[in-house]
**Q** 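Dropping a structure here in structure tokens format, bear with me for questions.
Keep in mind that this is a model prediction, so the values were computed, not measured.
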Amino acid sequence: FCPMSYSCHFHCVLYSPLEWYLCGEEPSVGLAKLEQNNQPSQLCGHVFKVGEPTYSCRECAADPTCVLCMQCFLGSVHKEHRYRMTTSGGGGFCDCGDTEAWKKGPYCQKHEPNISDSSQKGVQFNPSGSSVMHAIAFGYCMLAYWEKCNLLIFIFFLRVRGDTYYCMLFNDEVHTYEQVIYTLQKAVNCTQKEAVSFATIVDRDGRKSVRFGDFQFCEQAKSVIVVSSKQSQIPSVFLRYSPSYANDVFNLVFPAGARNVYHQLFMSSLLMDSKYKKRFAIQFAKNYECLQSDYVKDDHDREFSVTDLSVQMFTVPSLARMLITEENLMTTIICTFMDHLRHRDLQGHFQFERYTAQQAFKFRRVQSLIGDLKYVLISRPTEWTDQLREKYLEGFDAFLELLKCMQGMDPVVRQVGQHIEMEPEWEAAFTLQMKLTHIISMMQEWCASDERVLIEAYKKCLSALTHCHSGFTDGEQPITLCMCGHSVDTIRYCVSQEKVSIHLPVSRLLAGLHALLSKTEVAYRFPEQLPLSELSPPMLIEHPLRCLILCAQVHAGMWRRNGFSLVNQIYYYHNVKCRVEMFDKDLIMSAYLQTTFCPHFFSFCLISLCLHSFLFPVMRVSLTVSQDVLQQNNTLIEEMLHLVIMIVGERYTSGVGQVESSDETRREIVHQLCIRPMAHSELVKALPENVSQLSLLHLYQKDHNLVNMLQCDVLLGILGAVLQWAMEPSGGHWSESMLQRVLHLIGMGLVEEQQHLIGSADDDTNFSFTLKISRPGEAPANTPSILALLETLQNAPHLEVHKDMIRWILKVKLIQISLQKCLCKCLSYPIEGSNSQKKKKKTFMVRDKDKAERKRKAEMARLRREKIMAQMSEMQRHFINENKELFQQSLEELDPSTSSTLEHRYTHTHHTGKCGSERRQMVTCILCQEEQEIRTDGKAMVLAAFVQRSTVMSKNRKRPPHNPDKYDPLFMHPDLSFGTHTGSCGHIMHSHCWQRYFEAVQAKEQRRQQRLRVHTSYNVENGEFLCPLCECLSNTVIPLLPLTKTSCSSEQPNLSQWLSIISQQMKALNPYSSTIKEMLTTFGTATYKVGLKVHPNEQDPRVPIMCWGSCAYTIQCIGQCKKVTMCKSACSDLACCFRMTSDLTILCLDSSGLSADAAQLHFLHLITVAHVVQILLTSIPGEKLILLLHEQPHDHRDFINYFVDSCVSGWHLWHCVKAGILPYLRAAALFFHYLNGAPAPPEFHSAGEWEALCGYLCLPSNLCGFNELWCDPVLCRWCSHPGVLPGLQSSVALIRFPRESNHLIELPGDYSALINQASSFTCPKSGGDKSRAPTLCLVCGAMLCSQSYCCQTELEGEDVGACTAHTFACGAGVGIFLRVRESQVLFLAGKTKGCFYAPPYLDDYGETDQGLRRGNPLHLCQERYRKVQKLWRQHSITEEIGHAQEACTLRFQIFK
């Protein structure tokens, strides 16, 4: 068939029957009725494209997967809420209209249900029509695709025309582009372009035929690719040819693109209907195990697999509950996950060996099952049924089986004697732990929502923990501990000798469930339903304590021979990613044991595990140990005391203390900010992921059972022993940190007692810490009391640092005693009234006392501040008096009238004579630090400079580049399409010092070529180097020339005199020394080479013209600012360039208004008049101007009168002239100022800029004065020039004056608008495929496809990316781009240089979000965008790139 007949045949065979089936009548009539009665769906269902912006409300979304498209979001109430913005990876759809997805505001304005429309009766269709139509359409697509691929299958699997095969290359998601391109060039003998095309198709579609022929021919290509893959240390290569892999038919005929189309078909049809979505979900759950197994074996990404549709079903709460209840989905997911992790040890624990690349790839794919379980649990139920409880508990049993396989996995044993030979595998276990952290938290949330489920889950978890402990008997020895009159039976386990595991998920899950029992008060209301009597303290606390002691021993340096693997495990154990379900739960279990059982038991457990060398601290004095062991024991005791502080003081946990989750978050924020100031993003990273943004901290009610440990006799004995050790200044048995922790614990006990006394209603207080620490030790030891020891230590000279803390403790003790006496006195004489009144009186008394104390302290602090400020003022006055000359010099430097003489970074010395002033210029070389005067016959002094091509001022970026061989740079084109800019950092060197430095850099880079890594910030082959002082990128030097001499004569020479002077100056045209001439040639050659992009040629007559062109272009770039600022260092550095390009001595006016050299004044007037004519010719309509030129005015009066007649008024004409000529006057003033150093008047910085410029340049400041400058013959010749009239009649737009300053493109205020714009951008060379990295040029606004081989182009014989090629077409080799999907600004310079820069889009907290990881709404910051624009206008992009690359090089050298 031809295409047209085939289309008609397709319509008749497929479309027409379906239309008749649906409508039940003539399709045209039925479809017209459908269109007439069309009612928009309440569900949006917009399928997201790759990179399209999505929005999720943090306040109203049922879960983070509920998102809106941009149109629905802008029309919803959520735009006023706290929302999250992300970019879609493709495949999802908008949830607008789904009432289950939103807590409130489920509809936008477009999809708001209309009650009146819903009552209307719509067109009746065949009730089964939609399902049949979908089935037929899908089936036909399948058959059509298979029919299309029959030829492929036939050729692929069977021999055609003898012995013909296809060799197919598959994407294994492992190899890089470079590896594939290189291998294909070797294997199939193709060009690089063909190899790039093959690699692009393989990356996009997943497969590509790379060779066609007989079996031997294809086998040869396969063997080459397999060998190359083995050389890259990747043993698994997905290279398949025809007779092999006959079972992979589905993968072969359904590449990634086809699968993506089918996904969109599913979502836009099947999943949009709740009825069929439910049916599909049931079938999906029934075949879940098979689907996941196929996905794990497949090589495609998840986004191209049918398993990716799980998020569309499992996140719907009603569907998730139904699938759990009817299909037992939780158990299915967990069992499927465990089936793929088959490697176990003898105890049944997961065993992760060192994975190969393919095994690691499979493990990453298996982790997607955890994501499905997270989707199912993401919304906890509000109402429970018996069937839901039963199925959930079945899933909980399966989850416990998973945790039991993790309990005790990857145990470690302390390495003694020699260092471990090979680091064990630990990352896989922690990856699994991090993935399951959210699942464990969700499981606990589900249990907390129903009391019956919580009780049963607690029982099951306790039973699982009992089963786990039955296999943990190695190394455990029963022991009886005695101390301070107490004894307890426990077990002895030496952590430093036996196996210890950091993975204890079952114990930590039990700790979390126990905290929920306390929080929901289930343990108090239903104690008979809980097996509390079966709880064994050793079973509960033993393994969490072993883990805590392991961390303490690692901190003490006892496990350093175990390598970095254990250090990394300890780090993640405390890291915020795992801390909630690891370290925090171990503390909760320790706190639970302390509150439930005898506090002495916990203290004995700590001692037996922590102090591995001996049992009791009081015996330590008699032991003789090495210094290393002594230091380890000191650290262990410090960690033990720190653990007690955390257990007693860190009760800010829901279920332990009487606090809520919001209180926990507030406390975390306060503690993080107390460590150091943190940005919002840093603070969010330091907090658990499920926290909310809250405000200030408030007081809370503490659990009084925990504080009983502070008055435990065993702990008090330890505190007393440490204080006794501290009596010896050089005993070595204690440390400063240990004593600090002891004092902190004593202070905590006193504060707790004070709160008990204030809060108690009678004298029956069970916390008597003051009494305990005042009691001496019993016989036979008869040790002094803790208070007695403190009173002795407060006068110890070696404890000067701790004296304040000791005195505070003793002071608080006295307050406690007086408070107890006052309380007893009040209770001895009861006052009439209620108990509440008594309590209030005591509270008021304490509050008044505290208030008076605070007032006294505030007054003392104020007096101390005043005294310090007075001392500082006196010191400042004394310093100023001693250094009057220095401060006088500083004041003179700050004076704007004198700053212009210092702006060149060198000193001027004036010697006044009869005929004027002779100025000496003294400069210092930054390399040899030698001072030298700048003289024409002296040694050359040079500035490091950078010459670059520029299009910053271009008005026509489409102009093709000029031919360098024929280009005449004498006159710039008015559109300034290209220019040569010269910049300098201003640092001065001797020419010979610079030459030695540059030769050293060249020699260094030549040696560097023998290494693997080369320098990236500069290229010596192009003459580039870094300034020795500031490391600014440079590629040439500018010689410093002396300032021109000014004439003091008021008489102007006549023509003959002027000609005589000119002839003399021509004879002595270049009166410079040889070194200065050499540097002049160096700079001119560099400008010529860079500006024309040709090889250096000193004999080319265009060399000095290119210098003048660079000077002119640089002046115009500087003059873009609104005001002329003569003191800018960036401008003053170019003074030597301006003087160097002047062959004649150009004289100018100074600020006093003296006349200038007549010739130069005439030149200035002539050029000024020419520019005025240029302004006038381009400022009136073209027809009137053509008539004027045809009439050819005889004198300037006719010319001016005609312009006056053409304008509204003379004032309007004068306004146009002033506005057009002002940029020229700024540039002229800059030129003459930096040419001869004449100081600028202060009026330049005020509102009278026009008058100041005209006075500085000796030009009239009004229209009448300008009228006197006209020269009739010259004016007539200009107007009658044969090129003027055709140029004005040309269709090309004229350049009008003043030229508007170029700006970077305007960006939208909301970043989502930019993302939406980029989402519709397709790759121009990939057949309509979406671009993976759309990049916006900020100079011209072009959207490019970056970071892709598909859009590579050839530039000067090299293949470069789209952005690099665009920089040469748009910015003369310099480009500024915005990577839209990463929110990054990219600076490029040349083919090999670039860096990232902070984007101008900020969130509400004033931070950037590079990579769009946080998802906060981003808005344009004009200040930051102006900063980027300033860098571009000042030609500082290359310099910024150089500094960034140097910083990266320095970091590499530090950390390598």
Side-chain angles (χ1 to χ4, degrees), residues 46 48-61 64 66-89 94 96 105 108-109 677-685 687 692-695 1303-1321 1333-1343 1376-1387 1396-1433 1440:
H46 170 73
F48 295 116
K49 295 177 287 187
V50 177
E52 189 173 354
T54 62
Y55 301 84
S56 178
C57 183
R58 299 180 189 267
E59 301 175 3
C60 306
C66 301
V67 293
L68 297 174
C69 64
M70 185 175 182
Q71 289 74 19
C72 292
F73 173 76
L74 295 177
S76 68
V77 298
H78 306 293
K79 66 180 180 180
E80 305 297 335
H81 300 169
R82 291 174 47 249
Y83 62 90
R84 173 183 172 85
M85 179 191 69
T86 55
T87 55
S88 173
C94 177
C96 182
C108 68
Q109 296 176 357
M678 303 176 72
H680 180 266
S681 58
E682 292 181 275
L683 191 59
V684 170
K685 289 180 181 179
L687 298 175
S692 57
Q693 300 171 12
L694 299 166
S695 57
H1303 301 271
L1304 298 180
I1305 64 172
E1306 292 186 4
L1307 294 176
D1310 193 345
Y1311 193 72
S1312 58
L1314 202 58
I1315 297 178
N1316 197 40
Q1317 174 188 347
S1319 64
S1320 59
F1321 174 72
T1335 303
L1336 179 67
C1337 176
L1338 296 180
V1339 178
C1340 66
M1343 190 72 74
I1376 308 176
F1377 302 94
L1378 177 63
R1379 298 177 61 186
V1380 180
R1381 291 184 185 165
E1382 289 79 20
S1383 183
Q1384 288 178 327
V1385 170
L1386 174 65
F1387 289 165
F1396 290 114
Y1397 193 77
Y1401 283 92
L1402 305 178
D1403 58 16
D1404 294 336
Y1405 307 98
E1407 297 182 77
T1408 61
D1409 188 9
Q1410 300 189 46
L1412 298 179
R1413 295 180 178 87
R1414 297 191 295 273
N1416 294 327
L1418 298 176
H1419 303 284
L1420 180 64
C1421 175
Q1422 294 293 345
E1423 182 181 354
R1424 282 187 175 243
Y1425 198 40
R1426 283 193 296 269
K1427 184 178 180 181
V1428 176
Q1429 183 165 263
K1430 184 178 179 181
L1431 289 174
W1432 174 64
R1433 283 184 170 180
E1440 193 72 25

**Q** Heavy atoms, side chains only, cut-off 4.5 Å: are Thr1408 and Leu1402 in contact?
**A** yes

**Q** For the residue pair Thr1335 and Leu1378, establish whether any side-chain heavy-atom pair is separated by less than 4.5 Å.
**A** no

**Q** Tell me whether Glu1440 contacts the main-chain N or O of Leu1431 through its side chain, where contact means a donor paired with an acceptor under 3.5 Å.
**A** no

**Q** Indicate yes or no for a side-chain donor-acceptor contact from Arg1379 to the backbone of Gly1411 under 3.5 Å, with no hydrogens or angles considered.
**A** no

**Q** Once you round to the nearest 0.5 Å, how far does OG of Ser1320 lie from CE of Met1343?
**A** 7.5 Å

**Q** Taking all non-hydrogen atoms of both residues into account, name the closest pair between Gln1384 and Phe1396 and its distance.
**A** OE1-CE2, 3.4 Å

**Q** Counting C-beta onward and ignoring hydrogens, is there a side-chain heavy-atom pair between Cys108 and Phe73 closer than 4.5 Å?
**A** no

**Q** What's the separation between atom OG in Ser1319 and atom CD in Gln1317, rounded to the nearest 0.5 Å?
**A** 9.0 Å

**Q** In Å, rounded to the nearest 0.5 Å, how long is the span from OH of Tyr1425 to CD of Glu1306?
**A** 8.5 Å

**Q** With a 4.5 Å heavy-atom cut-off, do Tyr1397 and Lys1427 have their side chains touching?
**A** yes

**Q** Between Asn1416 and Arg58, does the side chain to side chain contact (heavy atoms under 4.5 Å, CB included) criterion hold? Intermediate values first, please.
**A** CA-CA 10 Å; Asn1416 294 327; Arg58 299 180 189 267; 2.9 Å; yes

**Q** Tell me the closest heavy-atom pair linking Tyr1311 and Met85, and the distance in Å.
**A** CD2-CE, 4.1 Å

**Q** How far does OG of Ser88 sit from CZ of Arg1381, to the nearest 0.5 angstrom?
**A** 9.5 Å

**Q** Side chain to side chain contact (heavy atoms under 4.5 Å, CB included) for Leu1418 and Asp1409? Distances and angles first, verdict last.
**A** CA-CA 8 Å; Leu1418 298 176; Asp1409 188 9; 4.0 Å; yes

**Q** Taking all non-hydrogen atoms of both residues into account, name the closest pair between Leu1314 and Val1380 and its distance.
**A** O-CG1, 3.7 Å

**Q** Quick one: does Arg84's side chain have a donor or acceptor within less than 3.5 Å of a partner on Arg1414's backbone?
**A** yes

**Q** Is it the case that atom CD in Gln109 sees more than 12 heavy atoms from other parts of the structure closer than 6.0 Å?
**A** no

**Q** Could you tell me if the side chain of Tyr83 sits less than 4.5 Å from the side chain of His78, heavy atoms only?
**A** no

**Q** Would you say Asp1404's side chain and Pro1417's backbone share a donor-acceptor pair under 3.5 angstrom?
**A** no

**Q** For the atom pair CG (Leu1304) and NZ (Lys1430), what is the distance rounded to the nearest 0.5 Å?
**A** 14.0 Å

**Q** Is there a side chain to side chain contact (heavy atoms under 4.5 Å, CB included) between Phe1377 and Leu1336? Walk through the geometry before answering.
**A** CA-CA 5 Å; Phe1377 302 94; Leu1336 179 67; over 6 Å; no

**Q** Would you find more than 12 non-hydrogen atoms of other residues, nucleotides or ligands less than 6.0 Å from Lys685 atom NZ?
**A** no

**Q** Identify the heavy atoms of Ala1398 and Arg1424 that sit nearest to each other, and give their distance.
**A** CB-NH1, 3.5 Å

**Q** Do Gln71 and His46 have side-chain N/O donor and acceptor atoms under 3.5 Å apart?
**A** no

**Q** Testing the basics here: between Val1385 and Pro1400, what is the closest heavy-atom pair and its distance to 0.1 Å?
**A** CG2-CD, 3.7 Å

**Q** Might you point out which heavy atoms bring Cys60 and His81 nearest each other, and give the distance in Å?
**A** SG-ND1, 3.3 Å

**Q** Would you please test Ile1315 and Glu52 for side chain to side chain contact (heavy atoms under 4.5 Å, CB included) and show each step?
**A** CA-CA 6 Å; Ile1315 297 178; Glu52 189 173 354; over 6 Å; no

**Q** Between Leu1307 and Leu1338, is any pair of side-chain heavy atoms under 4.5 Å apart?
**A** yes

**Q** Judged by atom type as modelled, is there a donor-acceptor pair below 3.5 Å linking the side chain of Ser56 to the main-chain atoms of Cys66?
**A** yes

**Q** Under 3.5 Å, is there a donor-acceptor pair linking the side chains of Tyr1401 and Ser1383?
**A** no

**Q** Any donor-acceptor pair under 3.5 Å linking the side chain of Glu1407 with the backbone of His680?
**A** yes

**Q** Out of curiosity, Met70 CE to Thr54 OG1, how far, rounded to the nearest 0.5 Å?
**A** 12.0 Å

